[in-house]
Protein chains: 2
Amino acid sequence: MKKVTINSVASYAGVSKKTVSRVLNNEPNVSDATREKVLKVFKELDYTPNPIARGLAQNRSFIIGCIYDNPSKSYITRVQTGALAACQGNNYNLLIHPCDLRGDALISNIEHLLHSSRLDGLVLTPPFSDFKVLVDFLKRKKIPYARVASAVLEDDSISVRSNDEQGAFEITEHLIKLGHKAIAFIKGHPDHSATEQRFKGYRRALSTHGIEFNERLVEEGNFSYHSGVDSARSILDLTPRPTAVFASNDYMAAAVLKLATQRQLKVPNDISIAGFDNAPIARHIWPGLTTIAQPVEEMTKQAVTKLIEHIGDPQEQPYQVTLEARLITRESTAQVK
Amino acid sequence: MKKVTINSVASYAGVSKKTVSRVLNNEPNVSDATREKVLKVFKELDYTPNPIARGLAQNRSFIIGCIYDNPSKSYITRVQTGALAACQGNNYNLLIHPCDLRGDALISNIEHLLHSSRLDGLVLTPPFSDFKVLVDFLKRKKIPYARVASAVLEDDSISVRSNDEQGAFEITEHLIKLGHKAIAFIKGHPDHSATEQRFKGYRRALSTHGIEFNERLVEEGNFSYHSGVDSARSILDLTPRPTAVFASNDYMAAAVLKLATQRQLKVPNDISIAGFDNAPIARHIWPGLTTIAQPVEEMTKQAVTKLIEHIGDPQEQPYQVTLEARLITRESTAQVK
DNA sequence: TTCAACCCTGACACCGGTGTCATAATGTGA
DNA sequence: TCACATTATGACACCGGTGTCAGGGTTGAA
């Protein structure tokens, strides 16, 4: 396989390489005849421009970085799927970069990443989406970025989220309509803005339906399965035991289910359990978890698509969208007895 | 932030850029004094070489591609973790590229990927690790590659695997020692070489312990949760019902567990269930699954590390390693009654 | 002392594209 | 028909590194 460069194309087509470059980039000021001719040579020689050389000349890498620090692997997988879908159509690549939110070295870590890989932009996934220190840093350095699933919509950035508060409201209301009054709640990781949003939705549903909020029914989790086990223990030990548990994600809900089952409780007859996210595990266990389906892939895909547009044309408008979350009822919730 | 290039370093240190380049690449023939001086300037100016420029000059991209077509997301996640660990220390990046094994366009898809992204090498994960068409193509094109979890060790390539056959043998033997004689088996995806290996281990354990192999106890799955449900249905409908089921991965085992539980069977009292891989789900459900822990991260890390070495020095020896798989017993298997 | 061998160093071309600017070709209005 | 604007094209430098090679300085053996 001999290499086909812009020079071979140029000499073969009998034009200068600058003209080939013009055709490549759809620039104006090329006659139709010349453009046709060059395009034909592209096909004949099966020419693909070298992204590295382009990158060097334009100081671009055609790579988007995706940074994350998330205990939920399935969430990350879904984020990647969405991001890849956006990259593939645009000749962009996706570089994945796990890192510590809490580490003091975070900023210098990111700085090194940007510097050494010359990323064109960054996708911020929770909990980075609302991490002010980082966002401010990127703004100051003028690094293009897009935020996925952040709580707040700013005016001047790309941000795609889903309505966590409303989702939590709906699933709590679902439990209330099944007759539940004592509904325990397991919070997510304090660094994630979704944690606060979901909690708000839970409280709004309670107050909408005239149920008094009870502090003792709330446990602090961190989205990990393990934290769900700890929270579940506290909740199941309460007397009287709540008739329902709403965990801020499916992993923690699965942990509640596991512990309840270990303790010979029947789900949903003895206790109803609801989760959030519609992670694969929600349908891999018995009983299947009632949960809220978040369009994670779609959110990320839109965010990355807009990010790439923005990189190509920095004048591009900001983009602020909220997608809908959807209630999915399965076997883990039932009428209270 | 002003840009620090090799030129600034060179003029600041009072040497030519070639000398700076020599220091950068640890080349010989630089006096200690000069080397020290340049290294000091690196620090003072906080210089990081531009990988794009290096890539252009050396016709390298410093990117490893990881291709996969795997229903098990958690497997992919683990592969990524291992690959990233190897990349990070070596200033390499990881590009992830899902694609269809069965598509006729596979080769041209990969060809385009290689051509347009100038990948330095490829990590082949199952089922690509043993996909002859692709391996032959890469060999012919002289693209460096490493295989993870392939069934066969070749002489001239980088390949890191774990002992699937032995793992399957051990877990089957574990069941046999618990008194099980009618042990159903669910096969994996026919494209994956692990499928055959695990089946072999199962049969070897049976014959070692003088148990006759029974074709009717074997179901065809494909590693997906869904296929596990179908297989589970057939198995649980058998009369007499087997006292144990060994599924070729944890997702399918989880499906068996779910269906058995739905049918009011007690696991492990009424039926024992064993899986393979030690996926997260194995410990997220109740009862936890007895399974075989494969060092997926470690396999991938070693494979990628060797791949990067090989790229840097094509004379590098081939590398053929088999890591050990380990039996993990949880609550899903018990003495037969 | 002499000369080859070796070590260090820098000048320069090159990787494969893009940006800038000059120039040739064409079009337009008076 | 001429002056001037506009379009099409190419020459050339440049992005930030690396490869090649030549030349000056040392060293060691003859």
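Just so you know, these numbers come straight off a predicted model, no measurement behind them. Every chain is numbered from 1, with letters handed out A, B, ... down the list of sequences.
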Checking D:dT18, D:dG10, C:dT9 against the side chain of B:Ile6 (C-beta onward), the nearest is D:dT18
Are A:Ser31 and D:dA8 close enough that a side-chain N or O sits under 4.0 Å from OP1 or OP2?
no
According to a strict under-4.0 Å criterion, is A:Thr19 in side-chain N/O contact with OP1 or OP2 of D:dT9?
no
So what does A:Asn50 touch, heavy atoms closer than 4.0 Å: a base, only the sugar-phosphate, or nothing?
sugar-phosphate
Can you figure out which of C:dG19, C:dG16, D:dG17 approaches the side chain of B:Arg54 most closely?
D:dG17
I want to check one thing: is the phosphate of C:dG17, taken as OP1 and OP2, less than 4.0 Å away from some side-chain N or O of A:Tyr47?
yes
Excluding sequence neighbours, so at least two apart, what forms salt bridge (Lys or Arg N to Asp or Glu O under 4.0 Å) with B:Arg147?
B:Asp130
What is the nucleic acid contact for A:Val15, judged by heavy atoms within less than 4.0 Å: base, sugar-phosphate only, or nothing?
sugar-phosphate
So, A:Glu298 and A:Lys301, do they make that salt bridge, N to O below 4.0 Å?
no
Is there a side-chain contact between A:Asn25 and the phosphate of C:dT18, meaning an N or O under 4.0 Å from OP1 or OP2?
yes
Measure from NZ on A:Lys18 to C1' on C:dA22 and round the result to the nearest Å.
14 Å
I'd like to know if the side chain of B:Thr300 reaches the main chain of B:Val296, judged simply by a donor and an acceptor atom lying under 3.5 Å from each other, with no hydrogens or angles considered.
yes
Between D:dG10 and A:Ser16, is there an OP1 or OP2 to side-chain N/O distance shorter than 4.0 Å?
yes
Can you see if the side chain of A:Thr34 gets near the phosphate of D:dT9 - specifically, an N or O under 4.0 Å from OP1 or OP2?
yes
Of all the choices, C:dC15, C:dG19, C:dT9, which nucleotide is nearest to the side chain of B:Arg22 once you look at every atom?
C:dT9
Is the NZ or CZ atom of B:Arg60 positioned over B:Phe62's six-membered ring, under 6.0 angstrom from the centre and within 45° of the axis?
yes
Listed nucleotide nearest any side-chain atom of A:Glu27, set C:dG19, D:dG17, C:dG17:
C:dG19
Look at the side chain of B:Asn29 and decide which nucleotide, out of C:dC8, D:dG17, C:dT18, has an atom nearest to it.
C:dC8
Pair B:Arg102 + B:Asp191: basic N to acidic O under 4.0 Å
yes
